[in-house]
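A quick write-up on the structure given underneath.
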Amino acid sequence: MTDNSPKKYSSQDAKQWVDLYGDRLYRYALSRINKVEVAQDLVQETFLSAFKAREQYRGEASEFSWLISILKNKIMDFLRAKYKTRSSEQINIDDLSVDHLFKMAQRECHKKSPSNWIPNPNELLEKKEFWKIFEMCLGKLAAVGAQAFTMREVEHMNVKEICNILGITTSNLYVLLHRARSLLRDCIDTHWIKA
Amino acid sequence: MKLKDITSCRIATELISKSLEEKLTFGETIKLNVHLIMCRMCIKYRRQLRGFHKIFGQYTSALEKDSPPSHKCLPEEKKDAIKKLME
């Protein structure tokens, strides 16, 4: 006879999640919000919500996927609250300057040519070093740029949603994304040692 | 055509980025393509940006596979504090 009832998660199981997934959730939180205290608090809230809701977890998704979906919601709530309170004050998109990447002459050409390397999705997923460099480069962006960038490029949210959360116009968002991509591309191309 | 009428790399890279969000207008497409005929650097730039656009969405899956994580760990004290709250 097989038991089809869902696994019951005990308080002990929930504690194990902290050891199993705590570091990875924290890394993810840091990639979205580059503030140690905030990232730690969001991970804590995630585990406590998961702990309270553990009866509802049916095991359809992996434990990690389930936990990270809770964390993503916490991050969105945090960002909504953060940018709501400063909606009147213009977000300073000039924090993210790309001036140093271009020559100042008339044609504003690249100072340094991008390499011939083409990022290959099949090859990079498994390469841990690549993701560390990604995190390192992301950490160099100004907060709002990194947040806009991860919402768009990591989470594939649509432009309207992102503008709503950050309280900015589409053209502001496009400037932010362009600059974040330029800086990140330059940083990754410089640091990633091509295999 | 005078040199100053030619789209700069700075404008071209803005258009390349924009093309990842929405379809460029006819005028923008012409501007970008004329620039790309003359500029190998922007061609490489576009190739990399398109590649990255496909890759960064894998970040969450990459984290799931990366075990044990070797840097940027949640401090042990924090983990203990969280476990205490789960009593």
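Lettering of chains follows the sequences in order, A, B, ..., and the numbering in each one begins at 1. Quick note: numbers below take in every heavy atom, side chains included, and nothing from hydrogens, waters or symmetry partners.
Heavy atoms closer than 4.5 Å to chain B are found nowhere in A:Arg179, neither backbone nor side chain. In this structure, chain B has a heavy atom under 4.5 Å from the side chain of A:Val159, while its backbone stays farther away. For a residue to count as touching a neighbouring chain, one of its non-hydrogen atoms must lie under 4.5 Å from one of that chain's; by this rule A:Phe47 touches chain B with backbone and side chain alike. Neither the backbone nor the side chain of A:Lys52 comes within less than 4.5 Å of any heavy atom of chain B. The parts of B:Lys83 that come within reach of chain A are both its backbone and its side chain, each placing non-hydrogen atoms under 4.5 angstrom from that chain. Of the atoms belonging to A:Leu177, heavy atoms from both backbone and side chain fall under 4.5 Å from chain B. Only the side chain of A:Phe130 comes within contact range of chain B, with at least one heavy atom under 4.5 Å from a heavy atom of that chain.
The choice from A:Asp186, A:Ile118, A:Leu125 that makes the most heavy-atom pairs within less than 4.5 Å of chain B is A:Leu125.
Under a 4.0 Å N-O distance rule, the pair A:Glu126/B:Lys65 qualifies as a salt bridge. Between A:Lys15 and B:Asp80 no salt bridge is recorded (no basic side-chain N to carboxylate O distance below 4.0 Å). A:Arg181 and B:Glu21 are joined by a salt bridge, as a carboxylate oxygen and a charged side-chain nitrogen come within less than 4.0 angstrom of each other.
Atom-to-atom distance recorded for B:Met86:CE and A:Ser10:OG is 11.0 Å, nearest 0.5 angstrom. Atom CG of B:Leu63 sits about 6.0 Å away from atom CD of A:Glu135, to the nearest 0.5 Å. Summarising the geometry, atom CD belonging to A:Glu63 is positioned 10.0 Å from atom CD belonging to B:Glu64; distances are rounded to the nearest 0.5 Å. Between the NE2 atom in A:His110 and the OG atom in B:Ser8 there is a gap of 9.0 Å [rounded to 0.5 Å]. From A:His156, atom NE2 reaches atom CZ of B:Phe56 across 10.0 Å, with rounding to the nearest 0.5 Å.
Listed by first and then second residue, the side-chain hydrogen bond (donor to acceptor under 3.5 Å, both in side chains) pairs that reach into residues 31-44 of chain B are A:Asn116-B:Lys44, sequence neighbours excluded.
Aromatic pair B:Phe52/A:Trp117: ring centres closer than 6.0 Å.
Heavy-atom minimum distance, B:Cys9 versus A:Glu108: CB-O, 3.2 Å. Contact record, B:Leu74 with A:Val43: CD2-CG1, 4.0 Å, taken as the closest heavy-atom pair.
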Tell me, with the steps shown, if B:Tyr59 and A:Glu155 meet side chain to side chain donor-acceptor pair (under 3.5 Å).
CA-CA 9 Å; B:Tyr59 178 57; A:Glu155 294 308 324; over 6 Å; no
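Alongside B:Leu49, the hydrophobic cluster contains B:Ile11, B:Leu15, B:Ile16, B:Leu20, B:Leu24, B:Leu32, B:Leu36, B:Ile43, B:Tyr45 (criterion: ILVMFWY side chains under 4.5 Å).
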